[in-house]
Amino acid sequence: MSLYQRKVAGDVDLRKLDITSENLKEVLEGLIAGVDNLDEVEKRLGLDLRNMTKLMAGIVHNDDAHHNGESILVHIGWVMDDVAKVSEGMEAEKQVLFKLVALCHDLGKPYTYKFNAEKNRHTFYDHAARSVAIAEALLAKHKEQLGTLYQHVLDFTRLHDVFY
């Protein structure tokens with residue numbers, strides 16, 4: 001585990017952490033490493049979180065204007081970059097909210113992926129609900145520190161497809 005991952009797994013202040021497309025994988029792996037009782041959480045969720053970034057890097061989708069054959073991990077990185085540009089100049093609290101939602105919005109995709117050969121489409125049905133469950137697990141240690149942002153991140157993650 002890199003020094004950066006240990007820092008994220010520890011007691012880092014997520015409000016001050018600069019999450020970018022370049023450090024996205026390390027941030028996610030650090031958050032996973034920081035989950036208390038990871039074995040129990042994985043069992044409860046029925047998910048292998050330890051290999052989440054590998055799964056995200058290995059699944060591509062290219063079905064619409066927002067997904068052009070990139071992996072889920074790369075897509076989240078692109079969203080992170082877009083959020084950084086769009087939120088530039090906004091108050092710090094909003095920037096943190098947008099970055100955390102960008103980070104969390106598609107975490108459930110590796111666990112809901114199916115390829116519909118008949119329609120030649122990649123599908124991720126109910127990925128938003130899975131993304132919320134994963135975000136809750138990853139951010140639980142930071143809930144007090146995030147305050148009201150914690151619930152806002154979960155709500156926007158849950159609803160991110162509604163806006164689409």
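Remember, it's a predicted structure, so these values are computed and weren't measured experimentally.
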Quiz prompt | Val35 side chain near Glu42 side chain, heavy-atom distance below 4.5 Å | solution = no
Quiz item: Do the ring planes of His152 and Phe156 sit parallel (below 30°), tilted (30 to 60°) or perpendicular (above 60°)?
Solution: tilted
Quiz item: To the nearest 0.5 Å, how far apart are CG in Leu139 and CG in Leu14?
Solution: 6.5 Å
Practice problem: Could you tell me whether the side chain of Thr157 and the main chain of Val132 form a donor-acceptor pair under 3.5 Å? | Solution: no
Quiz item: Considering all heavy atoms of both residues, which atom of Ile76 and which atom of Ala102 are nearest to each other, and what is their separation?
Solution: CG2-O, 3.5 Å
Quiz item: Can His122 and Tyr113 be counted as having a side-chain donor-acceptor contact under 3.5 angstrom?
Solution: yes
Quiz prompt | Spatial distance of atom CE (Met52) from atom NZ (Lys109) [nearest 0.5 Å] | solution = 14.0 Å
Quiz item: When rounded to the nearest 0.5 angstrom, what is the spacing between CE in Met80 and CD in Glu22?
Solution: 10.0 Å
Quiz item: Is there a donor-acceptor contact under 3.5 Å linking the side chains of Thr112 and Asp126?
Solution: no
Exercise. State, to 0.1 Å, how close Gly77 and Ser21 come at their nearest heavy-atom pair, and which atoms those are.
Key: O-CB, 3.4 Å
Quiz item: Which atom pair, heavy atoms only, marks the closest approach of Pro110 to Ile59?
Solution: CA-CD1, 3.7 Å
Quiz item: Quick one: do Val86 and Val101 end up in the same hydrophobic cluster if we chain Ile, Leu, Val, Met, Phe, Trp and Tyr together by side-chain heavy atoms under 4.5 Å apart?
Solution: no
Quiz item: Ile19 and Leu100: side chain to side chain contact (heavy atoms under 4.5 Å, CB included), yes or no, with the steps?
Solution: CA-CA 8 Å; Ile19 307 168; Leu100 289 175; 3.8 Å; yes
Quiz prompt | Heavy-atom side-chain contact between Leu107 and Arg130 under 4.5 Å | solution = no
Quiz item: What's the verdict on side chain to side chain contact (heavy atoms under 4.5 Å, CB included) for Tyr111 and Leu45, showing C-alpha distance, side-chain angles and the deciding distance?
Solution: CA-CA 11 Å; Tyr111 309 103; Leu45 295 176; over 6 Å; no
Quiz item: CG of Asp13 to CG of Leu146: how many Å apart, nearest 0.5 Å?
Solution: 8.0 Å
Quiz item: Sub-3.5 Å donor-acceptor pair from the side chain of Lys141 to the main-chain atoms of Gly34, do we have one?
Solution: yes
Self-check item: Side chains of Tyr150 and Glu136 in contact at under 4.5 Å (non-hydrogen atoms)
Solution: yes
Exercise. Please confirm whether the backbone N or O of His75 pairs with a side-chain atom of Glu70, one donor and one acceptor, at under 3.5 Å?
Key: no
Exercise. Can you see which heavy atom on Ser71 is nearest to which on Ala57, and at what distance?
Key: CB-O, 3.3 Å
What pairs of donor and acceptor atoms, side-chain ones from residues 90-98 against any protein atom, are under 3.5 angstrom apart with sequence neighbours left out?
unit_1: Glu93; atom_1: OE1; unit_2: Arg15; atom_2: NH1; d: 2.7
unit_1: Gln95; atom_1: NE2; unit_2: Ser87; atom_2: O; d: 3.1
unit_1: Gln95; atom_1: NE2; unit_2: Met90; atom_2: O; d: 2.9

Quiz item: When rounded to the nearest 0.5 angstrom, what is the spacing between OG in Ser131 and CG in Leu103?
Solution: 10.5 Å
Practice problem: Step by step, work out the side chain to side chain contact (heavy atoms under 4.5 Å, CB included) result for Leu17 and Asn23. | Solution: CA-CA 10 Å; Leu17 183 65; Asn23 67 14; 5.5 Å; no
Quiz item: Just how far is it from atom CE of Met56 to atom CG of Leu24, taken to the nearest 0.5 Å?
Solution: 6.5 Å
Practice problem: Answer whether the closest heavy-atom distance between the side chains of Asp106 and Val79 falls below 4.5 Å. | Solution: no
Quiz prompt | Residue pair Lys99, Asp18: steps toward the side chain to side chain contact (heavy atoms under 4.5 Å, CB included) verdict | solution = CA-CA 9 Å; Lys99 282 185 178 187; Asp18 188 27; 2.8 Å; yes
Quiz item: Do you know the tightest heavy-atom contact between Leu49 and Ile32?
Solution: O-CD1, 3.3 Å
